[in-house]
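Only one structure is covered here, and it is reproduced in the block below.
In each ligand, atom 1 is the first atom listed, and ligand 1 is the first ligand listed.
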Amino acid sequence: MSKIVRAHTNIALIKYWGKKNHELKIPWNSSLSLTLDQFYTDTKVEYDESLLGDEFYLDNKRVEGKSAERVFWFMDQIRNRYGIKSYAKIESWNHVPEAAGLASSASAFCALAKAATLDLNLSDEEISRLSRLGSGSASRSVYSDFVVWDKGHDDETSFAHPLDVPKWDDFRMVVAIVNSDEKPFSSSYAMNKTSEDSVYFPAWVEQSQVDLDAIIEGIKEQDIYTVGPIVQENALRMHASLMAVNMWYFEPKTIEVMNIVRKLQTKIPVYFTMDAGPNVKIITTEAYLEELQDALKDYETVTCSSGPGAYVL
Ligand code: PMV
């Protein structure tokens, strides 16, 4: 009986945006994320010598086409790396709205990387590298709390590690779900186009290192007034680099929430970030949570704290 692996999503506070090496997903810049307690994927992988191909089931339904092919490609990478001969039945249960910028691919590929290699007892570092091949952000879901993905320069050197800081217990992230439909274009397509064609891309890469160094200091101090503005500006810079190639994920309600947060931040420390989708994530600390939730009462929200790394159920 195969075991089920659970991996939680993570949301980047300093974004990964742009790949130097597309196949290996080696990023142009290092990134930093928070693993969340609320959204996760459970995955079970059963190798079976009698199978003539991989089979993928999501929420108990057989999946074919593009989503399944990405999973099968990933399984081929695992088989090649570790000399596994059989195909597998892969079952996943997603507790994340899919493809809406809530990082379902992060939890999905991290859970799959660990579940498919359980018998090999790989180190977390190795699972992070492997997860990266499935989806860059998945490399960070191996670990709990704040996580840094060092960009590195090749497969060996590009992996994530936990940020070595005291636990920030009262840090919170409120996810405002303004639309959980599938996004108009994938993060991969959008970031590739940005890195190839956006005149702002070199500035993005340069500034993200400055942001990363500064935010680490703020997290060490548990200073939301330092961390918050860096998070918000880093996200806006990522989206600005994307807008310069005529693409955006913002919807009217995204902007509405951004405006509410910006108004509120003249009084209390609340700051937004967005990913490859229209939903807005707002960071604050426990003391300001009620006021934030009250300001967002007309929206569907989920309040998150930091969550665990990937583990066997
Ligand atoms: O891992 P991907 O290919 O889904 O890319 C994630 C990109 C962002 O979510 C926008 C940023 C990040 O660092 O997670």
Flag [X] as yes when one of its N or O atoms lies below 3.5 Å from any N or O atom of ligand 1, and as no otherwise.
X	answer
Ser187	yes
Ser188	no
Trp17	no
Asp275	yes
Ser105	yes

> Is Lys89 positioned over the aromatic face of Tyr57, cation under 6.0 angstrom from the ring centre and no more than 45 degrees off axis?
Replying inline: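 Cation-pi check for Lys89 and Tyr57: passes.
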Please tabulate, for the side chains in residues 215-223, all donor-acceptor contacts under 3.5 angstrom to protein atoms that are two or more places apart in sequence or on a different chain.
| unit_1 | atom_1 | unit_2 | atom_2 | d |
| --- | --- | --- | --- | --- |
| Glu217 | OE2 | Lys220 | NZ | 3.4 |
| Gln222 | NE2 | Lys167 | O | 3.0 |
| Asp223 | OD1 | Tyr225 | N | 3.0 |
| Asp223 | OD1 | Thr226 | N | 3.4 |
| Asp223 | OD2 | Thr226 | OG1 | 2.6 |

Show which atoms of ligand 1 fall inside a sub-4.0 Å distance from at least one heavy-atom site of [X].
X	answer
Gly136	1 (O)
Met191	3 (O), 5 (O), 7 (C)
Ala12	12 (C), 13 (O), 14 (O)

> Under the 3.5 angstrom rule, does the side chain of Ser30 hit a backbone N or O of Lys151 as a donor-acceptor pair?
Replying inline: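 Confirmed, Ser30 side chain pairs with Lys151 backbone.
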>> Going by side chain to side chain contact (heavy atoms under 4.5 Å, CB included), name the residues that satisfy it together with Glu69, two or more places apart in sequence or in a different chain.
In response: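 Checked Glu69 against side chain to side chain contact (heavy atoms under 4.5 Å, CB included); zero matches.
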> Under 4.0 Å between a Lys/Arg side-chain N and an Asp/Glu carboxylate O for Glu126 and Arg129?
Replying inline: yes
>> Within the 3.5 Å criterion, strictly below it, is a donor on Trp17 or Thr194 matched to an acceptor on the partner's side chain?
In response: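 Distance-only check passes for Trp17 and Thr194.
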>> My understanding is that only one of Asp155, Asp154, Asp150 makes a salt bridge (Lys or Arg N to Asp or Glu O under 4.0 Å) with Arg132; could you say which?
In response: Asp155
> Taking non-hydrogen atoms only, is Arg140 closer than 4.0 angstrom to ligand 1 via side chain, backbone, both or neither?
Replying inline: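 Under 4.0 Å from ligand 1, Arg140 contributes side-chain atoms alone.
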